[in-house]
Amino acid sequence: MAPTCERWDDLRPRDKQYSVVRFDERASPTDPAFATKQSEVDHPNDAPDECPAAAEELVVYDRIGRMVKRTDGSVAPSVLF
């Protein structure tokens, strides 16, 4: 398993301006399944507005790791470390 700081860096966008990250409340924060990058988008409005699963949350982060959009939920950090 990658160190936590490297894992968070992998969630940041590389090719586009924003990344869409899915957080799963059913997984422990130390579990790789807790946070997974779903896609990258050019604008936050291009990201989904809803998350299909009740125990999940979608969050859009900018290149420096700041949250710019989120669906309902409370498990995601506002800043990626």
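Below, all heavy atoms of this structure are taken into account, side chains as well, without hydrogens, waters or symmetry copies.
The two atoms that bring Pro48 and Thr71 nearest to each other are O-CG2, 4.2 Å, heavy atoms only. The two residues Phe23 and Ala35 come nearest to each other via the heavy atoms CE2-CB, 3.5 Å. Nearest heavy-atom pair, Ala47 versus Val20, reported as atom, atom and distance to 0.1 Å: CB-CG2, 3.7 Å. Closest approach of Pro32 to Thr36, counting heavy atoms only: O-CG2, 3.7 Å. Considering all non-hydrogen atoms of both residues, Val21 and Leu11 come closest at CG2-O, 3.9 Å.
Met67 is connected to Trp8 through a chain of hydrophobic side-chain contacts under 4.5 Å among Ile, Leu, Val, Met, Phe, Trp and Tyr, so both are in one cluster.
With respect to the salt-bridge test (charged N to carboxylate O, under 4.0 angstrom), the residues Glu57 and Arg70 qualify.
The distance from the NZ atom of Lys16 to the CG atom of Asp42 is 4.5 Å, given to the nearest 0.5 Å. Once rounded to the nearest 0.5 Å, the distance linking OH of Tyr18 with OH of Tyr61 reads 14.5 Å.
Proximity of a side-chain donor or acceptor of Glu40 to a complementary backbone N or O of Pro13 within less than 3.5 Å is not detected.
By the 4.5 Å heavy-atom criterion applied to side chains, Leu58 and Lys69 are not counted as neighbours. Arg26 has its side chain within reach of Glu56: a pair of non-hydrogen atoms, C-beta onward, lies under 4.5 Å apart. Using a 4.5 Å heavy-atom threshold, the side chains of Arg12 and Arg63 count as separate.
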